[in-house]
K.L.:
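First, the structure itself, so that you have it in front of you.
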Amino acid sequence: MNLPAPGSSPIRVRFAPSPTGMFHVGGARSALFNWAVAKRAGGTFVLRIEDTDAARNKPEWTSGILTAMASLGMHAEDPTFEGPYFQSANASLHTEAAQRLYTQGAAYYCDCTREDVAARTANAQTGYDGHCRERGLAYAAGRALRFRTPDEGETQVIDLIRGNPTFLNAVLEDFVIARGDGSAVFLLANVVDDISMRITHVIRGEEHLPNTPKQQLMWRALGVEPPTWAHLPVIVNERRQKLSKRRDKVALEDFLADGILPDAMVNYLMLLGWSPGNDEEILPFETLIERFDIAGVNSASAFFDVKKLTSFNGEYIRAMSTQEFIKACGPWLVAPHAPWTPEQFDEAAFAAIAPHAQSRLALLSDITNNVDFLFLDAPVDDAASWDKAMKEPAPALLADVRTALAGLETWQAEPLKELVTEVGAAHGLKLGKAQAPVRVATTGRTVGLPLFESLEVLGRERALTRIDAALTKLSA
RNA sequence: GCCCCGUUCGUCUAGCGGCCUAGGACGCCGGCCUUUCACGCCGGUAGCACGGGUUCGAAUCCCGUACGGGGUACCA
């Protein structure tokens, strides 16, 4: 393991995800909070991949984590970013530490089987009963190493978020720190890694809080003062259960693939469990970092509200320049998202219509349906829209519009609007009603981008062809 | 069972003993604007889990209760 030179930076926070093949939004928030703490304090952000189960780990999972973090602005190129390190690379240090604890008398070997323990402790309130504590067993294959927890006193955890929870040492069982084959378990490995990387702040999910007193005991047994902890509240679904990848949508990449902008995601995630102050919520990441205080993070679990995320996204979309917006739409203008071919796509037409789309989208992925009428040979066939718009007096109106359109001098939004207004009036219809059949005939849908701007971009020829097709369909 | 954590509008939160007639944001509802749908603007709805204390005064401090969550593996 490639360790940093000592004394290089005052604060070192570590983010330690396990590679699972997907980057969870909860993990993303945790990474962001770690990152913010490191940045804010001018310290170092250390990324350590907990690849303990190397057999099940796949290299692409690790790169997936790196890619996901980079998409949110946490780049390995950043001078305050250190790593990634791999837990598996530190294995020899882990077993050394276990050895040391045994030599010191802080740990002892135990040959009890799970069944033995269960039979003896059936009615007890704590787990392991300390059966082998004083037996003086030496190491032998199959014997686990247990940490000798104190019988009295209490262990106080210094936690920036939840005050300082204290645990009675008496209820801490003598937990296993190394398996029968000599390898260290996660609990110990973590402590050894954090010590060897000189971590000063551990910010992680609250599911680790009950482990913390055990880890603190090990830090001290290893001769090092424990770090400062911060246990983040979990993120829950609408049923108040911890977000699970089996039942909930939690993959960061899924949200990005749906057209959530990374900046919007970062902004939203930073506000889950924390608030930058009284008023504004939409703030650039730099400002959020400036105001961030891990001690101000709430201790209650928070619901991941996709609606609010989406609303933020809409604001971010509207804040972009037209050029940025056009660029951001890129992925949704080609297959598999778009139903048209590259040959059918018209860059200039898209650029012309883009500003009208930008002001009304909440999700980038919605761009496809909004502009498909420009690139498909015929408007989409939407029966509901057709039935709604093509009632009487639509046929007669459409025929009149068609005739007038053919003779229109300048094919531009303003004159087009005047024309439909006039024809509509002749049929006793306000523009709101009169535009509907024209819209459905040319775009296929009852709702969409501003009609006359759309027609302008569509062009006279295609507009007339489509209206003719609609008239034919109506008379059939 | 045992241990730990939590509880302010539906949701995310502000609040850290008087500024609270509890503020903002998302959602929802209504209105304006309007070529549909949106955007934008204006307005509205709705909350301190419950019960005891402490205090001149409590959403804020303490103790219970209830309800939620997490942990309790030779998993991570």
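What you see below is based on every heavy atom in this structure, not just the backbone, and it leaves out hydrogens, waters and symmetry mates. Numbered from 1 within each chain, the chains take letters A, B, ... in sequence-line order. Because the structure is predicted, anything quoted here is derived from the model rather than measured.
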K.L.:
With rounding to the closest Å, how many angstrom separate the C1' atoms on B:rC28 and B:rG47?
P.N.:
16 Å
K.L.:
What I want to find out is whether A:Lys417 reaches A:Glu456 closely enough, with some N-O distance under 4.0 Å, to be called a salt bridge.
P.N.:
no
K.L.:
Report yes or no: does A:Asn164 contribute a side-chain atom to a donor-acceptor pair with the main-chain N or O of A:Asp159 at less than 3.5 Å?
P.N.:
yes
K.L.:
Here's a test of your reading of the structure: between A:Cys112 and A:Ala300, which maps to the more 5' nucleotide of RNA chain B?
P.N.:
A:Ala300
K.L.:
Select one nucleotide: of B:rC12, B:rC26, B:rC5, the one nearest the side-chain heavy atoms of A:Arg162.
P.N.:
B:rC5
K.L.:
In whole Å, what is the span from the CG atom of A:Leu363 to the P atom of B:rC39?
P.N.:
13 Å
K.L.:
Side chain of A:Phe167 only, heavy atoms from C-beta on: which candidate in B:rC12, B:rC4, B:rG6 is closest?
P.N.:
B:rC4
K.L.:
What's the CG-C1' distance between A:Leu232 and B:rG6, to the nearest Å?
P.N.:
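Those two atoms, CG and C1', are 14 Å apart.
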K.L.:
The side chain of A:Pro165 is closest to which nucleotide in this list: B:rU72, B:rC26, B:rC5?
P.N.:
B:rC5
K.L.:
Among B:rC12, B:rG6, B:rC75, which nucleotide has an atom closest to any side-chain atom of A:Glu281?
P.N.:
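Nucleotide nearest to A:Glu281's side chain: B:rC12.
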K.L.:
Return the value, rounded to whole Å, for the distance between atom CD of A:Gln156 and atom P of B:rC4.
P.N.:
13 Å
K.L.:
Is A:Asp372 paired with A:Arg445 through a side-chain N to carboxylate O contact shorter than 4.0 Å?
P.N.:
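Yes.
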K.L.:
Using the P atom as the point on both nucleotides, what is the distance between B:rA22 and B:rA58, in whole Å?
P.N.:
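The same atom, P, in both gives a distance of 15 Å.
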K.L.:
B:rG70 phosphate, OP1 or OP2: any side-chain N/O from A:Asn211 under 4.0 angstrom?
P.N.:
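For B:rG70, neither OP1 nor OP2 has a side-chain N or O of A:Asn211 closer than 4.0 Å.
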K.L.:
Check the pair A:Asp116, A:His131 against side chain to side chain donor-acceptor pair (under 3.5 Å), reporting the backbone distance first and the verdict last.
P.N.:
CA-CA 10 Å; A:Asp116 294 340; A:His131 179 76; over 6 Å; no
K.L.:
Taking the chi torsion of B:rC39, is it syn (within 90° of 0) or anti (everything else)?
P.N.:
syn
K.L.:
So what's B:rA73 paired with, Watson-Crick or G-U wobble, going by both distances under 3.5 Å?
P.N.:
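Base-paired to nothing in any strand shown.
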K.L.:
Between B:rC9 and B:rA59, how far is it from one C1' atom to the other, in whole Å?
P.N.:
13 Å
K.L.:
When the C1' atoms of B:rA46 and B:rU13 are considered, how many whole Å apart are they?
P.N.:
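Nearest-Å result for B:rA46 against B:rU13 at atom C1': 15 Å.
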K.L.:
Would you say the side chain of A:Thr166 lies within less than 4.5 Å of the side chain of A:Thr155, judging by non-hydrogen atoms?
P.N.:
no
K.L.:
What nucleotide, of B:rA76, B:rC12, B:rC26, holds the atom closest to the side chain of A:Glu315?
P.N.:
B:rC26
K.L.:
Using the C1' atom on both, measure B:rG10 against B:rA49 and round to a whole Å.
P.N.:
16 Å
K.L.:
Measure from the side-chain heavy atoms of A:Asn298 and tell me the nearest of B:rG69, B:rG6, B:rU13.
P.N.:
B:rU13
K.L.:
Let's test your reading of the model: under 3.5 Å, does the base of B:rG69 pair with the side chain of A:Glu206 as donor and acceptor?
P.N.:
no
K.L.:
So which nucleotide does B:rU21 pair with, by the Watson-Crick or G-U wobble rule with both distances under 3.5 Å?
P.N.:
none
K.L.:
Which whole-number value in Å describes the distance from A:Leu272 CG to B:rA14 C1'?
P.N.:
16 Å
K.L.:
Detail all sub-3.5 Å separations between protein N/O atoms and N/O atoms belonging to nucleotides 32-36 of chain B.
P.N.:
{"from": "B:rU35", "atom 1": "OP1", "to": "A:Lys417", "atom 2": "NZ", "distance (Å)": "2.9"}
{"from": "B:rU35", "atom 1": "O2", "to": "A:Leu451", "atom 2": "N", "distance (Å)": "3.3"}
{"from": "B:rU35", "atom 1": "O4", "to": "A:Glu453", "atom 2": "OE1", "distance (Å)": "2.9"}
{"from": "B:rU35", "atom 1": "O4", "to": "A:Glu453", "atom 2": "OE2", "distance (Å)": "3.2"}
{"from": "B:rU36", "atom 1": "O4'", "to": "A:Gln435", "atom 2": "NE2", "distance (Å)": "2.9"}
{"from": "B:rU36", "atom 1": "O2'", "to": "A:Thr446", "atom 2": "O", "distance (Å)": "3.3"}
{"from": "B:rU36", "atom 1": "N1", "to": "A:Arg439", "atom 2": "NH2", "distance (Å)": "3.3"}
{"from": "B:rU36", "atom 1": "O2", "to": "A:Gly448", "atom 2": "N", "distance (Å)": "2.8"}
{"from": "B:rU36", "atom 1": "O2", "to": "A:Gly448", "atom 2": "O", "distance (Å)": "3.2"}
{"from": "B:rU36", "atom 1": "N3", "to": "A:Arg439", "atom 2": "NH2", "distance (Å)": "3.2"}
{"from": "B:rU36", "atom 1": "N3", "to": "A:Gly448", "atom 2": "O", "distance (Å)": "2.5"}
{"from": "B:rU36", "atom 1": "O4", "to": "A:Gly448", "atom 2": "O", "distance (Å)": "3.4"}
{"from": "B:rU36", "atom 1": "O4", "to": "A:Pro450", "atom 2": "N", "distance (Å)": "3.1"}

K.L.:
Using ring pair (Phe, Tyr, Trp, His ring centres under 6.0 Å) as the criterion, point out the one residue from A:Tyr268, A:Phe23, A:Phe304 that pairs with A:Phe255.
P.N.:
A:Phe304
K.L.:
Distance-only, no hydrogens or angles: does the A:Arg29 side chain make a donor-acceptor pair with backbone N or O of A:Val25 under 3.5 Å?
P.N.:
no
K.L.:
Taking the side chain as every heavy atom from C-beta outward, state whether A:His94 and A:Ser183 have any pair of such atoms under 4.5 Å apart.
P.N.:
no
K.L.:
Between B:rA14 and B:rC61, how many Å separate the two P atoms, rounded to a whole number?
P.N.:
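Their P atoms lie roughly 14 Å apart.
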K.L.:
Within the structure shown, what part of the strands sits under 4.0 Å from A:Ala436 by heavy-atom distance: base, sugar-phosphate, or nothing?
P.N.:
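Contact class for A:Ala436: none.
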K.L.:
Between A:Arg445 and B:rA38, is there a contact of a side-chain N or O with OP1 or OP2 at under 4.0 Å?
P.N.:
no
K.L.:
Please report, rounded to the nearest Å, how far the C1' atom of B:rG27 is from the NZ atom of A:Lys307.
P.N.:
6 Å
K.L.:
Of all the choices, B:rG69, B:rC5, B:rC12, which nucleotide is nearest to the side chain of A:Leu209 once you look at every atom?
P.N.:
B:rC5
K.L.:
Using a heavy-atom cut-off of under 4.0 Å over every strand shown, decide if A:Lys242 touches base, sugar-phosphate, or nothing.
P.N.:
sugar-phosphate
K.L.:
Let me know, please, whether A:Phe312 or A:Ala144 comes out on the 5' side of the other along RNA chain B by nearest nucleotide.
P.N.:
A:Phe312
K.L.:
Under 3.5 Å, side chain of A:Arg143 to main-chain N/O of A:Ala138, donor-acceptor pair present?
P.N.:
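The answer is yes, because a donor-acceptor pair under 3.5 Å joins these two groups.
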K.L.:
If you only use heavy atoms from C-beta on, which nucleotide in B:rU13, B:rG40, B:rU11 is closest to the side chain of A:Arg318?
P.N.:
B:rG40
K.L.:
Classify the ring geometry between A:Phe350 and A:Phe375 as parallel (under 30°), tilted (30 to 60°) or perpendicular (over 60°).
P.N.:
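The arrangement is tilted - the two ring planes meet at 30° to 60°.
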K.L.:
Looking at A:Thr443 and A:Val440, would you say the former's side chain and the latter's main chain have a donor-acceptor pair under 3.5 Å?
P.N.:
no
K.L.:
If you check every side-chain atom of A:Pro210, which of B:rG68, B:rA25, B:rG71 has the closest atom?
P.N.:
B:rG71
K.L.:
The side chain of A:Val171 is closest to which nucleotide in this list: B:rC74, B:rC26, B:rC3?
P.N.:
B:rC3
K.L.:
Using the P atoms only, state how far B:rC20 lies from B:rG15, rounded to an integer number of Å.
P.N.:
14 Å
K.L.:
Using whole Å, what does the distance between atom C1' of nucleotide B:rC26 and atom CG of A:Asn313 come to?
P.N.:
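The distance from CG of A:Asn313 to C1' of B:rC26 comes to 14 Å, rounded to the nearest Å.
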K.L.:
Roughly, in whole Å, what's the span from CG in A:Asn267 to C1' in B:rU13?
P.N.:
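It is 14 Å, rounded to the nearest whole Å.
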K.L.:
Under a 3.5 Å limit for both distances, which nucleotide forms a Watson-Crick or G-U wobble pair with B:rG51, could you say?
P.N.:
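The answer is B:rC63, by the H-bond criterion.
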K.L.:
Which part of the nucleic acid does A:Gly314 contact within heavy-atom distance under 4.0 Å: base, sugar-phosphate only, or nothing?
P.N.:
nothing
K.L.:
Heavy atoms only, 4.0 Å cut-off, all strands: where does A:Phe186 land among base, sugar-phosphate and nothing?
P.N.:
base
K.L.:
Could you state the CG-P distance from A:Asn370 to B:rC39, rounded to the nearest angstrom?
P.N.:
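Whole-Å distance recorded here is 13 Å.
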K.L.:
Does B:rC32 have a Watson-Crick or wobble mate here (both distances under 3.5 Å), and if so which one?
P.N.:
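Partner of B:rC32: B:rG40.
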K.L.:
When the P atoms of B:rU7 and B:rC12 are considered, how many whole Å apart are they?
P.N.:
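My reading of the P atoms in B:rU7 and B:rC12 gives 12 Å.
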